[in-house]
Amino acid sequence: MRIATWNVNSLRSRIARVEAFLERHDVDVLALQETKAREEQVPMMGLESMGYEVAYAGTNQWNGVAVLSRVGLADVEVGFPGQPGWGDPAESEARAVGATCGGVRVWSLYVPNGRKVDDPHYHYKLDWLGRLREAAQEWRTTPTALVGDWNIAPTDEDVFDPKQFATSTHVTPRERAAFQAFLDDGYVDVVRPHAPGPEVYTYWDYYRQRYERNRGLRIDFVLGSAPFAERVTGAFIDREERAGQGASDHAPVVVDLD
DNA sequence: ATGGTCGCCGAGCGA
């Protein structure tokens, strides 16, 4: 089974690229972030006719998450207990949708950006991650993948120019500690062994030709529980998907299970 | 330190 995650930065504007990506890599399950669409807009995009069921949460604003699956999709859950937006598919703060696909629990996550250090949104980000961690501790004994845009670069190796980010979000000790807490709980970054750094990124800003100069960040991750991680046979970042006109600012990340 | 580019909609705002 092949699972992927991708911050598409608008599903409607990217739908042709999404379809091409699903076919190119024969993807079974795709977690999407920043879909920027309302749930009622999803059926118009033709994903069902390609054989994918869709679990969706979000609005047409700046977030929105989805799980596409062609290997079955069950037990859909919007958000997690204790989180704003829990249970409401049209809630812009949902930021998480979980579904069981082919026996694996896949959570598509769009971790809050944080905006600026010490901004209320920064503290909300840390709180949100703390609540996710509590929920995720309950899922550790089952095949579970926490996938998506974490908006955290866990190490300096994951930042094209750490000096430039010295006063920015995504790299602060508190954010990195929040990420590390999932690893401490037994979740594993299953992609890094197959795509080691340095200078291996998943996101490049649109301006200043950041992609062409490979000045990016690694902020999109697949964290697997032990029962998930032990089934991983390979992984890669589809860096080429970021190239050319009409690309998202994030590249997809792909993981293979036995 | 600022500005650069996208996508939401049809002005700014968020990333």
Side-chain angles (χ1 to χ4, degrees), chain A residues 5-21 31-45 47 56-66 84-85 89-96 108-129 147-154 158-172 175 178-179 201-221 237-253:
Chain A
T5 181
W6 189 11
N7 179 326
V8 280
N9 187 18
S10 166
L11 183 53
R12 280 178 297 164
S13 71
R14 215 77 61 208
I15 191 63
R17 275 183 177 258
V18 171
E19 291 177 357
F21 168 75
L32 295 166
Q33 302 87 38
E34 284 204 73
T35 49
K36 296 183 177 177
R38 294 183 303 275
E39 188 172 13
E40 63 267 27
Q41 296 174 305
V42 174
M44 296 183 278
M45 301 183 207
L47 293 162
Y56 195 84
T59 72
N60 60 341
Q61 297 304 308
W62 37 270
N63 60 18
V65 287
E91 171 57 58
S92 65
E93 287 302 317
R95 293 181 173 278
S108 180
L109 306 170
Y110 182 57
V111 174
N113 174 285
R115 300 190 186 177
K116 291 188 178 344
V117 177
D118 276 338
D119 186 286
H121 291 85
Y122 174 81
H123 296 288
Y124 175 72
K125 179 182 194 173
L126 295 173
D127 291 346
W128 190 94
L129 285 163
V147 314
D149 180 355
W150 286 74
N151 272 316
I152 298 170
D158 304 319
V159 184
F160 70 87
D161 183 1
K163 289 191 295 294
Q164 192 173 133
F165 278 77
T167 60
S168 304
T169 60
H170 293 54
V171 303
T172 65
E175 289 166 282
F179 185 90
Y201 309 122
T202 65
Y203 162 82
W204 301 259
D205 227 318
Y206 279 125
Y207 45 74
R208 290 181 167 233
Q209 297 186 303
R210 287 271 173 83
Y211 176 72
E212 289 75 6
R213 299 187 295 147
N214 194 31
R215 295 173 73 75
L217 306 173
R218 191 199 288 242
I219 56 176
D220 299 87
F221 296 98
I237 299 163
D238 185 12
R239 191 184 188 286
E240 290 306 306
E241 173 54 45
R242 177 63 180 81
Q245 289 295 309
S248 169
D249 43 1
H250 293 250
V253 180

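In what follows, chains carry the letters A, B, and so on, assigned in the order in which the sequence lines appear, proteins first and then strands, with residues in each chain numbered from 1. Quick caveat, the model's predicted, so the values are computed rather than measured.
A 4.0 Å heavy-atom criterion places the boundary nucleotides of DNA chain B facing chain A at B:dG3 to B:dA15, written 5' to 3'.
Take A:E40 and apply the salt bridge (Lys or Arg N to Asp or Glu O under 4.0 Å) test, not counting sequence neighbours, and it matches A:R38. For A:D149, the salt bridge (Lys or Arg N to Asp or Glu O under 4.0 Å) criterion is met by no residue, not counting sequence neighbours. Among residues two or more places apart in sequence or in another chain, the side chain to side chain contact (heavy atoms under 4.5 Å, CB included) test is passed with A:V171 by A:A153, A:V159, A:F165, A:R176. Residues satisfying the side chain to side chain contact (heavy atoms under 4.5 Å, CB included) criterion with A:D205, sequence neighbours excluded, are A:Y203, A:Y207, A:R210. Under the rule for a side chain to side chain contact (heavy atoms under 4.5 Å, CB included), the partners of A:D127 that lie at least two apart in sequence or sit in another chain are A:R131. Every residue meeting the side chain to side chain contact (heavy atoms under 4.5 Å, CB included) condition with A:R17, not counting sequence neighbours, appears here in chain and number order: A:W6, A:R14, A:E241, A:A247.
Between A:Y110 and A:Q41, the residue anchored closer to the 5' end of DNA chain B is A:Q41, taking for each the nucleotide with the nearest heavy atom. Where A:R12 and A:D149 meet DNA chain B, the nucleotide closest to each residue was compared, and A:R12 sits on the side nearer the 5' end.
Backbone-only engagement by A:R14 is indicated by non-hydrogen atom pairs under 4.0 Å involving sugar-phosphate atoms exclusively. Residue-level contact check: A:Y203 touches neither bases nor backbone, having no heavy atom under 4.0 Å from any strand.
Rounded to the nearest Å, the gap between the P atom of B:dG12 and that of B:dA1 is 28 Å. Comparing B:dG7 with B:dT2, their P atoms are spaced 26 Å from each other, to the whole Å. Spacing between B:dG3 and B:dC8 at atom P, rounded to whole Å, works out to 25 Å. Between B:dC9 and B:dG14, the two C1' atoms lie 13 Å apart (nearest whole Å).
Legend: salt bridge (Lys or Arg N to Asp or Glu O under 4.0 Å) pairs involving residues 109-126 of chain A, not counting sequence neighbours, sorted by first then second residue: A:K125-A:E175.
Between A:W62 and A:Y110, the ring planes lie tilted relative to each other; the angle falls in the 30° to 60° range.
For A:H121, the NE2 atom is loosely surrounded, since the number of other residues' heavy atoms within 6.0 Å does not exceed 12.
Stretches of at least 3 consecutive Watson-Crick or G-U wobble pairs, with each checked distance under 3.5 Å, appear in DNA chain B as B:5-8 with B:12-15.
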